[in-house]
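For reference, the structure discussed in these notes is given below.
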Amino acid sequence: QVQLVESGGGLVQAGGSLRLSCAHSGRTFSTYTIGWFRQAPGKEREFVAVINRSGGATSYATSVNGRFTIARDNAENTVSLQMNSLKPEDTAVYYCAANRAFTTTLGTYDYWGQGTQVTVSS
């Protein structure tokens, strides 16, 4: 069983930064690709970023490329999402999810965290 817990959300002004963390307590963390997704009010959940099992490959949504950075520490069983130059349109609930394959497709992810709220004020 994979249990994921997100943390680090909050309220920040436009142009500011936040660092989200996704933690897993199991021994199999390094065998999973981890993705970040977000869902804004009234919108569908969308892909944000993904990192493969070793941390050697990443992919980003066009809307966040160059502003967000995903990284992982398999020794600590955590994946982080550093978010810089935040915009009001980044406001959403952010979720991390685990998958065996390196993919940006939401529907293929097997395990999800409970989400953390990020609010960017203008």
Open item on the list: Membership question, hydrophobic clusters at under 4.5 Å side-chain separation (ILVMFWY): are Val120 and Val48 in the same one?
Closed with: yes
Open item on the list: Whether the Asn99 and Thr33 side chains hold a donor-acceptor pair (N or O, under 3.5 Å, no angle test) is what I'd like checked.
Closed with: no
Open item on the list: To check you understand the geometry: which heavy-atom pair defines the closest contact between Ser17 and Ser85, and what is its length?
Closed with: OG-N, 4.3 Å
- [ ] Determine, stepwise, if the pair Phe68 / Leu86 fulfils side-chain contact (heavy atoms from CB on, under 4.5 Å).
- [x] CA-CA 9 Å; Phe68 291 12; Leu86 283 162; 3.8 Å; yes
TODO: Could you check if a side-chain atom of Arg38 sits within less than 4.5 angstrom of a side-chain atom of Val93, using non-hydrogen atoms only?
DONE: no
Task: CG on Leu106 to CD on Glu46, rounded to 0.5 Å - done: 10.0 Å
Open item on the list: Using side-chain heavy atoms (C-beta onward) and a distance below 4.5 Å, is Asn84 in contact with Gln82?
Closed with: yes
Task: Linked, directly or transitively: Val50 and Trp112 (ILVMFWY side chains, under 4.5 Å) - done: yes
Task: Contact check, side chains of Ile51 and Val79, non-hydrogen atoms, under 4.5 Å - done: yes
Open item on the list: Let me confirm one number: the CG-OG distance from Leu11 to Ser121, rounded to the nearest 0.5 Å.
Closed with: 5.0 Å
TODO: Using a 4.5 Å cut-off on heavy atoms from C-beta on, say whether the side chain of Gln114 contacts that of Val5.
DONE: yes
Task: Ser80 OG to Trp36 CH2 distance, which is reported to the nearest 0.5 Å - done: 8.5 Å
Task: Asp90 vs Arg67 side-chain heavy atoms within contact, under 4.5 Å - done: yes
Open item on the list: Side chains of Leu81 and Thr69, heavy atoms from C-beta outward: is any pair under 4.5 Å?
Closed with: no
Task: Contact check, side chains of Ser21 and Glu6, non-hydrogen atoms, under 4.5 Å - done: no
Task: Least distance between heavy atoms, Ser25 atom then Asn77 atom - done: C-ND2, 4.2 Å
- [ ] Please test Gln117 against Thr91 for side-chain contact (heavy atoms from CB on, under 4.5 Å), starting from the C-alpha separation and ending with a verdict.
- [x] CA-CA 8 Å; Gln117 176 70 47; Thr91 295; 4.0 Å; yes
Open item on the list: If you compare all heavy atoms of Ala40 against all heavy atoms of Ala92, which two are closest, and at what distance to 0.1 Å?
Closed with: N-CB, 3.8 Å
Open item on the list: Between Thr78 and Phe29, is there a side-chain heavy-atom distance shorter than 4.5 Å?
Closed with: no
Open item on the list: Pair Arg72, Asn74 - check side chain to side chain donor-acceptor pair (under 3.5 Å), show working.
Closed with: CA-CA 6 Å; Arg72 71 187 297 158; Asn74 285 338; 2.7 Å; yes
TODO: Take atom CD of Glu89 as the centre, draw a 6.0 Å sphere, and report whether it contains more than 12 heavy atoms from other residues, nucleotides or ligands.
DONE: yes
TODO: Verify the distance criterion only: is there a donor paired with an acceptor across the side chains of Thr31 and Arg100 at less than 3.5 Å?
DONE: yes
Task: All ring pair (Phe, Tyr, Trp, His ring centres under 6.0 Å) counterparts of Tyr94, not counting sequence neighbours - done: none
- [ ] Kindly say whether the aromatic ring centers of Phe37 and Tyr109 come within a distance under 6.0 Å.
- [x] yes
Task: Between CZ on residue Phe102 and OG on residue Ser59, distance to nearest 0.5 Å - done: 5.5 Å
TODO: To the nearest 0.5 angstrom, please state how far the OG1 atom of Thr103 sits from the CG atom of Asn52.
DONE: 12.5 Å
Open item on the list: Grouping I, L, V, M, F, W and Y whenever their side-chain heavy atoms are under 4.5 Å apart, do Ile34 and Tyr95 come out in a common cluster?
Closed with: no
Open item on the list: Could you see if Ile70 belongs to whatever hydrophobic cluster contains Phe47? Use Ile, Leu, Val, Met, Phe, Trp, Tyr and a side-chain cutoff under 4.5 Å.
Closed with: no
